[in-house]
Amino acid sequence: MPNRAVIRLVRGADFVRFDRDESFLLLAPLAFDASTFEIWGPLLNGARLAVAPDVPLGPRRSPTWWTVSG
């Protein structure tokens with residue numbers, strides 16, 4: 001994917017708020033094309049990106065298992 005395509009995707013996005021006050025959790029596998037948006041969206045706009053640990057599918061992947069701190 002050309003760099004300009006990634007920049008166009010995430011720098012002018014008006015359907016999601018990427019800014020310094022936001023934190024995003026990367027859950028998509030790196031081989032999945034949507035991970036491009038999850039990774040570069042926050043990083044190119046000053047937001048924080050947290051990478052989820054590799055955990056097996058099951059109860060630990062449920063939304064209630066994840067907590068966000070500080």
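Below, each value reflects all heavy atoms present in this structure, side chains not excepted, and no hydrogens, waters or symmetry copies.
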Inset, instruction - Could you tell me which non-hydrogen atom of Leu25 sits nearest to which non-hydrogen atom of Val51, and how far apart they are? - result: CD1-C, 4.3 Å
Inset, instruction - Drop me the distance from Asp21's CG to Arg48's CZ, to the nearest 0.5 angstrom. - result: 10.0 Å
Legend entry - side-chain contact (heavy atoms from CB on, under 4.5 Å) against Val16, all qualifying residues, sequence neighbours excluded: Ala13, Phe18, Phe24, Phe37
Inset, instruction - Taking salt bridge (charged side-chain N to carboxylate O under 4.0 Å, His left out) as the test, write out the residues that go with Arg20, two or more places apart. - result: none
Legend entry - For Asp19, all residues meeting salt bridge (charged side-chain N to carboxylate O under 4.0 Å, His left out), sequence neighbours excluded: Arg17
